[in-house]
**Q** 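Dropping the structure in here first, questions after.
Note that the structure is predicted; figures quoted are calculated from it, not measured.
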Amino acid sequence: SEPFHLLEDLNGNVMAELSFALPLTTWRGVLNDMTVAIPIIFAGRIDLPILYDNSLLVADTKTGSMFFGPAKFLKEHEMSNQFRGYAWAFEQLAGRKCDGWMLNGVRSKQPPKTKPRNGTIEDWWSEGYVRDIHYFALTPSWREEWLKETLAAVDLFFWMYSRQHMPMTGMYTKACAKYDGCEFASLCQQPPEKR
């Protein structure tokens, strides 16, 4: 009962969870007193390309047990470069123009093991499962903007790497505990000389 249509591949399979690893650029610079050329691969997974009102969009679902209302959820995600990256990747994979993206926010909490003290299971359901959807059109210059932002992030990474220091605060540690945690967390816990 969604207002959009799913897309299928040439074999009639619904396009979902599309993994990709696409060449983006070659970073050239000096690391450890050596001039290097390092291929940069842009990789990820597109949740779901859809057709909505004759527009091709990439849909991404964000889930969590915390949800502080649609306005806060939207503010946390609307400026993310991730979704433009998915649109770019889908265009590379499918050879079709992407018109925008859909943000599908889902709050889901564990159901109570017994009847809630206050209210009913239906009350819990309406409070414990919240869904918030937003649609975004891509601007005419979105590809250039996405590439500029992405290459700036790559340059920043290599700038920090060349100084042999990766910050362990703020946005640099935000993803450390997500998706079962970072496989390199034990390295960060070592003294600097052992990393």
**Q** Parallel, tilted or perpendicular: which describes the rings of W101 and F83, with under 30° parallel and over 60° perpendicular?
**A** parallel
**Q** Are F158 and I41 linked, directly or through other ILVMFWY residues, by side chains that come within less than 4.5 angstrom of each other?
**A** no
**Q** Before giving the answer on side-chain contact (heavy atoms from CB on, under 4.5 Å), spell out for D60 and M102 the whole-Å C-alpha distance, their side-chain angles and the decisive distance to 0.1 Å.
**A** CA-CA 6 Å; D60 196 71; M102 180 188 91; over 6 Å; no
**Q** Between L48 and A16, which heavy-atom pair has the shortest distance, and what is it?
**A** CD1-CB, 3.9 Å
**Q** F4 and Y135: side-chain contact (heavy atoms from CB on, under 4.5 Å), yes or no, with the steps?
**A** CA-CA 11 Å; F4 54 79; Y135 297 93; 4.1 Å; yes
**Q** Strictly by modelled atom types, are Q189 and K194 linked by a side-chain donor-acceptor pair under 3.5 Å?
**A** no
**Q** Is there side-chain contact between F90 and Q92, with heavy atoms separated by less than 4.5 Å?
**A** no
**Q** Nearest 0.5 Å, what's the OG1-CG distance between T61 and L103?
**A** 8.5 Å
**Q** Flag the pair R143 and E91 as a salt bridge only when some basic side-chain nitrogen lies within less than 4.0 angstrom of an acidic carboxylate oxygen.
**A** yes
**Q** For D47, give me all partners under salt bridge (Lys or Arg N to Asp or Glu O under 4.0 Å), at least two apart in sequence or on another chain.
**A** none
**Q** What is the minimum heavy-atom distance between R45 and E17, and which atoms define it?
**A** CD-OE1, 2.5 Å
**Q** Same cluster for V36 and F157 if Ile/Leu/Val/Met/Phe/Trp/Tyr side chains link at under 4.5 Å?
**A** yes
**Q** So, using salt bridge (Lys or Arg N to Asp or Glu O under 4.0 Å) as the criterion, who are the partners of E2 when residues are at least two apart?
**A** R131
**Q** Can you find a pair of side-chain heavy atoms, one from L24 and one from W88, that are under 4.5 Å apart?
**A** yes
**Q** Grab the two heavy atoms, one from T139 and one from E145, that are nearest each other, plus how far apart they are.
**A** OG1-OE1, 4.4 Å
**Q** Give, for atom CG of L93 and atom CG of L22, the distance between the pair rounded to the nearest 0.5 Å.
**A** 5.0 Å
**Q** Taking all heavy atoms of L138 and all of A87, pick out the closest pair and write down the distance.
**A** CD1-CB, 3.8 Å
**Q** Strictly under 6.0 Å, is that where the ring centroids of F42 and W146 end up?
**A** yes
**Q** I need the minimum non-hydrogen distance between P3 and Y52, along with the two atoms involved.
**A** O-CD1, 3.4 Å
**Q** Could you tell me the separation between the CG atom of L57 and the CD1 atom of I50, rounded to the nearest 0.5 Å?
**A** 4.5 Å
**Q** Given the rule that I, L, V, M, F, W and Y join up when any side-chain heavy atoms are under 4.5 Å apart, are L18 and V58 in one cluster?
**A** yes
